[in-house]
Amino acid sequence: MTLKIYNTATRRKEDFQPQNPPQVTMYNCGPTVYDYFHVGNARNFVVVDAVRRYLEHSGYTVKFVQNFTDVDDKIIKRANEKNEPWDRLAARFVDAYYEKADALAVRRATIHPKATEHIKEMLDLVVKLVEKGLAYEKNGDVYYRVRAFKGYGELSGKNIDDLLEGARVDVGELKEDPLDFALWKAAKPGEPSWTSPWGEGRPGWHLECSAMSMHHLGETIDIHSGGHDLIFPHHENERAQSCGATEKPFAKYWLHNGFLTINTEKMSKSLGNFFTINEVLDRFQPAAVRFYLLSAHYRHPLDYSDAALEEATNAVGRIREAVVTAEKILGGAVAGTTSDEAVRLEAEFKEAMDDDFNTQRAIGVIFEAVSLLNEKRQAYSRNANGESDKMAADALVGAIRRLLGILGLEDLIFSAGAADADGAFSEGLVDLLIRARKMAKEAKQFQLADYIRDELNSLGVRLQDHPTGTIWLKD
RNA sequence: GGCGACGUAGCCAAGUGGUAAGGCGGAGGUCUGCAAAACCUCUAUUCAGCGGUUCGAAUCCGCUCGUCGCCUCCA
């Protein structure tokens, strides 16, 4: 079975065929760095990261570019409000992006270009568009002549004439047509600016992604992604700029994730109904947050609530419990152990992910593996010589860890209870207490035994008695 | 107004022609000195409603109702 990807441009699932396999070029519209990102933004980063990981798992070599928009109206406005140089503000939130994205196990892109580092490429692109008659200058602004590009509206399914009604013209803009959009904006006093053939100015928002995508990945890339709200006008305009200049396709597959909602309404900064990633990570484990963001199909809306995050926390806990318990009871797993069941489950996982990255179905497969693992582990511990149960459980542990790894969840889930610096010493103490409790139990001194268990519990060390002996887990 | 998406159990959510995955929560049971964890059983005769196509539909078509999104900065 081949990987299928839903392509916004055709509104269909299509077989994924990159231009030059095994190479895949991928560009995701990254954050505008004027504030901490919110959970809705995080969904895009996590979903795209999972797509990238799955492509690599499937044997592709992914060159992945995600930009930082580090100069734009919102950054300038925020900098003025805070009385902070605009470039320092942007740099601060670039750092914040890395810190929180790292926390969610979102891998760094191959390249994280910044808009301000690609002014030259942008100007070259604008010059080319002017030369081709697709752009024109008015008072130091340069606009894209939308009606001169046939095919405008094809990505978003818009009809040019329908758009006219809602088109907006700001005061002072001298567009030939209300639909035209700014490629380059003449500098206003006090704003950052760069020298251009049309005087001092700065780039329009849409321009940077076209320039950086083509510069780093070539004129036609395999996958271009972003949130659903970028389809129009941002991606439509990027496409017009790029295809207009090169007369080649800009992106083969357009991938857009659905919104994160609150009470079914889109989470957005303008509505004010958002939670920053900082607030959310203060209250919930990164593993639970990432799990939650992957717990619905990426194109569907996902509603945010404390209850949903708590549920995700419990679900992640079930997986962690099953694997950690099994590993403690089984002892060291034999590397590379596998079984028919593990092979079957991994195939089902692949089938789910091949179907337009159906992470929800893929997670269902992982839980099926968790149930089977618990069953095998219990059978093994009740019948201590069940070598075949041990092999089966070992294989499932391996499979579960691999599958979680593909979704970027393995490290997040299992790092929580990792040993600290003086881990060996602490572990020795816990083992000592467990032996003392065992002696108390054998002497029927249950009060003392329970005291040891309860006190360990209040320190975050939970005991489980199994037929094979007592194990402990750190919450 | 134009274009588009969605409506599946108490909640979240897969399933897009062959008779309802999975998770959370809830009820009962097994194991245990008691727990914890786990396991077992149960928890949607039915997929917003009404019609139609079909041997057969949650899945296809039509209409109705409801929710949301884009059309302006927005992941």
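Note: hydrogens, waters and symmetry copies are ignored here, and every other heavy atom, side chains too, is used. Residue numbers begin at 1 in each chain, while the letters A, B, ... track the order of the sequences. Keep in mind that what you see is a predicted model, and the values were worked out from it rather than measured.
In this structure, S156(A) and G258(A) both approach RNA chain B, and ranking their closest nucleotides by distance from the 5' end singles out S156(A). Annotation: of the two residues near RNA chain B, P467(A) and F232(A), the 5′-most nearest-nucleotide partner is P467(A).
Nucleotides G56(B) and G22(B), compared at atom P, are 29 Å apart to the nearest Å. On the P atoms, U54(B) is 16 Å away from U59(B), given to the nearest whole Å. Straight-line distance between the C1' atoms of A13(B) and A21(B): roughly 10 Å, to the nearest whole Å. U19(B) sits 30 Å from G25(B) when the P atoms are compared, rounded to a whole Å. Using atom P as the reference point in both C63(B) and C73(B), the two lie 33 Å apart (nearest Å). Rounded to whole Å, the C1' atom of G52(B) lies 25 Å from the corresponding atom of A44(B). Rounded to whole Å, the separation between the P atoms of C61(B) and G18(B) comes to 16 Å. Distance check on atom C1': G49(B) versus U67(B) gives 15 Å, rounded to whole Å.
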Exercise. Which dot-bracket string describes RNA chain B (Watson-Crick N1-N3 plus N6-O4 or O6-N4, or G-U N1-O2 and O6-N3, all under 3.5 Å; [ ] crossing; | other strand)?
Worked result: ((((((((.[[[..)..(...]]]((((((.......))))))....[[[[[..)....]]]]])))))))....

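If you check the side chains of Y97(A) and D95(A), you find no donor sitting under 3.5 Å from an acceptor. Checking S225(A) against N28(A) by side-chain atom types alone, a donor-acceptor pair falls below 3.5 Å.
Between Y34(A) and F93(A), the distance from one ring center to the other does not fall under 6.0 angstrom. Checked against a 6.0 Å centroid threshold, the rings of F64(A) and Y27(A) do not count as neighbours. H118(A) and H216(A) have their aromatic ring centers within a separation under 6.0 angstrom. With ring centers used as reference points, H112(A) lies under 6.0 Å from Y98(A).
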Hey, what are the protein-to-nucleotides 6-13 of chain B N/O distances that come in under 3.5 Å?
| from | atom 1 | to | atom 2 | distance (Å) |
| --- | --- | --- | --- | --- |
| A13(B) | O2' | Q360(A) | NE2 | 2.8 |

What nitrogen or oxygen pairs link the protein and nucleotides 37-41 of chain B at under 3.5 Å?
| from | atom 1 | to | atom 2 | distance (Å) |
| --- | --- | --- | --- | --- |
| A38(B) | O3' | N374(A) | ND2 | 3.1 |
| A38(B) | O2' | Q378(A) | NE2 | 3.4 |
| A38(B) | N3 | Q378(A) | NE2 | 3.0 |
| C39(B) | OP1 | N374(A) | ND2 | 3.3 |
| C39(B) | O4' | Q378(A) | OE1 | 3.1 |

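One can find a donor-acceptor pair under 3.5 Å joining the base of G33(B) and the side-chain atoms of D450(A). For a distance-only test at 3.5 Å, the side chain of K266(A) fails to qualify as a donor-acceptor partner of the base of C68(B).
The side chain of N314(A) contributes an N or O atom lying less than 4.0 Å from OP1 or OP2 of G25(B). Close to G15(B), at under 4.0 Å from its OP1 or OP2, lies a side-chain N or O of N358(A).
Following rounding to the nearest Å, H235(A) (NE2) and G69(B) (P) show an atom-to-atom distance of 20 Å.
By the 30° and 60° cut-offs, the orientation of the rings of Y292(A) relative to Y304(A) is perpendicular.
Here D306(A) pairs with R283(A) in a salt bridge; the nearest charged N to carboxylate O distance falls below 4.0 Å. Here K74(A) does not pair with D35(A) in a salt bridge; the nearest charged N to carboxylate O distance is not below 4.0 Å. Residues R239(A) and E236(A) are paired through a salt bridge, judged by an N-O separation under 4.0 Å between the basic side chain and the carboxylate. For K77(A) and D73(A), the salt-bridge test fails: no basic side-chain N is under 4.0 Å from an acidic carboxylate O.
Residue L230(A) is classed as a sugar-phosphate contact, given heavy-atom separations below 4.0 Å to backbone atoms only. When heavy atoms are screened at a 4.0 angstrom cut-off, K269(A) is found touching no nucleic acid atom at all. Here L260(A) lies in heavy-atom contact (under 4.0 Å) with a base. As judged by a 4.0 angstrom heavy-atom cut-off over every strand, F259(A) is placed among the base-contacting residues. No contact: R78(A) has no heavy atom under 4.0 Å from any strand. If you check every strand for non-hydrogen atoms under 4.0 Å, K441(A) touches a base. Within 4.0 Å (heavy atoms only), G40(A) reaches at least one base atom of the nucleic acid. Within 4.0 Å (heavy atoms only), T264(A) reaches sugar-phosphate atoms of the nucleic acid but no base atom.
A donor-acceptor pair is defined here as one N or O able to donate and one able to accept, closer than 3.5 Å; no such pair exists between the side chain of R202(A) and the backbone of K185(A).
Here F446(A) counts as stacked on G33(B): its ring centre is under 5.5 angstrom from the base ring centre and the planes meet at under 30°.
When distances run from any side-chain atom of P233(A) to the nucleotides G69(B), C71(B), G33(B), the shortest one goes to C71(B).
Distance check, rounded to the nearest 0.5 Å: CD of E387(A) to CG of D394(A) gives 9.0 Å.
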